[in-house]
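We're numbering straight along the sequence, starting at 1. Hydrogens, waters and symmetry mates are skipped; everything else that's a heavy atom, side chains included, is used.
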Amino acid sequence: LDSRKPLTSNTTMVVSAAQQRPVAKGTRILKSGKRQGAGRRPSKPQSIKKELVKLAKRVATANQRTCKPHIISERQGCVGLVLGQAPPGPRKNLPRGWRPLAGPAEQRLARLAGLASPAELWTKLDRGNLLSWYPGLKERSAKQDVAKGYTKHQSDGDVFPQESARRAAAAVQLERYRCVVLLGNNVARAFGVKAGLMQTEVRDGSRLLTFPHPSGVSHFWNEPANVRRAARVFKAELQRMRRQKLKKTIVISTKRKRNHG
């Protein structure tokens, strides 16, 4: 399977079936001329969703996939790692220079950390995806058809093959990091972590933090209390990492002075 194969559907313009149907009598019309709720768009264009669902089925039958996580270090010496699930689409369809968690996810994480920008966040943490390849899109049930007025979930969610994820998790060198932030329960399960949401489990000297995925798809972020709690937990882990890194630096410096003395 080659997930880099370009999609055959035309994605230049997408018009949903809901927009094509005539407006029923008595339906409230907005000033823009669209029906109320018509402005809500699915997370991925309808014209490519069928291709992504087919991709997921092909991936499920493929038995040869790299299990090495896609981890990027923007700065040497980072003692923390943030791990997401997988890229948001096939490599061929990603922007040039794309990085894991780029976009709204990294922006939310930077805000939770109290930092000015994502660029500042990635000077403190490495980032990556457990799967280095896109596993495809889940198939949406008929009752969740956006064209029929369904508005609760605008994202179908991506497939996440746990067997491949577990093999990838086993390849992560946990001993390199003081803390590894696992974004979402799927990633936590791949590591065999039993700790609940925003709780930690120690493994190979590293603290594994189960953290809600920063994507806007998650309903977790709809509650202000959840946002405040997540910010407290994330900031606390960053502070812990800074203290441990500083302590390690002091110990190394002291040893060097003794050796030269």
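Looking at Arg229 and Asn226, their side chains never bring a donor and an acceptor atom within 3.5 Å of each other. Asn93 and Tyr134 are not linked by any side-chain donor-acceptor pair at a separation below 3.5 angstrom, with hydrogens and angles left out of the test.
Val181 has its side chain within reach of Phe234: a pair of non-hydrogen atoms, C-beta onward, lies under 4.5 Å apart. Side-chain contact between Leu109 and Leu125 is absent, with no heavy atoms from C-beta onward closer than 4.5 Å. Under the 4.5 Å side-chain criterion, counting only non-hydrogen atoms from C-beta, Leu83 is in contact with Leu81. Between Phe220 and Met198, the closest side-chain pair of non-hydrogen atoms falls below 4.5 Å. With a 4.5 Å cut-off on side-chain heavy atoms, Val217 and Ser215 count as touching. With a 4.5 Å cut-off on side-chain heavy atoms, Val82 and Phe211 do not count as touching. In this structure, Leu131 and Pro69 have side chains that are not in contact, with every pair of non-hydrogen atoms separated by 4.5 Å or more. Considering only heavy atoms from C-beta on, Arg228 comes within 4.5 Å of Pro224 through its side chain.
Residues near Ile72 contribute nothing to a hydrophobic cluster around it, because no ILVMFWY side-chain heavy atom sits closer than 4.5 Å to its side chain.
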Tell me, with the steps shown, if Leu174 and Leu208 meet side chain to side chain contact (heavy atoms under 4.5 Å, CB included). CA-CA 9 Å; Leu174 296 177; Leu208 304 183; 3.9 Å; yes

Is there a side chain to side chain contact (heavy atoms under 4.5 Å, CB included) between Leu115 and Trp122 once you walk through the steps? CA-CA 10 Å; Leu115 301 176; Trp122 303 131; over 6 Å; no

Side chain to side chain contact (heavy atoms under 4.5 Å, CB included) between Arg240 and Arg178, intermediate numbers included: CA-CA 9 Å; Arg240 181 188 293 269; Arg178 299 292 183 179; over 6 Å; no

Mind running side chain to side chain contact (heavy atoms under 4.5 Å, CB included) on Leu112 and Val227 for me, showing each step along the way? CA-CA 8 Å; Leu112 293 172; Val227 177; 4.1 Å; yes

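For the pair Ser206 (side chain) and Tyr177 (backbone), a donor-acceptor distance under 3.5 Å is present. Gln199 contributes no side-chain N or O that, together with a main-chain N or O of Ala195, makes up a donor-acceptor pair within less than 3.5 Å.
A salt bridge is defined here as a Lys NZ or Arg NE, NH1 or NH2 lying under 4.0 Å from an Asp or Glu carboxylate O, and Glu74 with Arg127 meets this definition. Between Arg203 and Glu201 a salt bridge is recorded (basic side-chain N to carboxylate O distance below 4.0 Å).
Closest approach of Ala190 and Leu130 over heavy atoms only: CB-CD2, 3.6 Å. When all heavy atoms are compared, the tightest approach of Leu121 to Ala110 is CD2-N, 4.0 Å. Closest approach of Gly84 and Leu101 over heavy atoms only: CA-CD2, 4.3 Å. Considering all non-hydrogen atoms of both residues, Cys78 and Lys124 come closest at SG-C, 3.6 Å. Between Arg176 and Asp126 the shortest heavy-atom distance is NH2-OD2, 4.1 Å. For the residue pair Ala113 and Leu238, the shortest heavy atom distance occurs at CB-CD1, 3.4 Å.
Under the side chain to side chain donor-acceptor pair (under 3.5 Å) criterion, Trp221 pairs with no residue at all, not counting sequence neighbours. Considering only residues two or more places apart in sequence or on other chains, Arg207 meets the side chain to side chain donor-acceptor pair (under 3.5 Å) condition with Thr200, Glu237.
Annotation for Glu223: atom CD does not count as buried by contact number, only 12 or fewer foreign heavy atoms lying within 6.0 Å.
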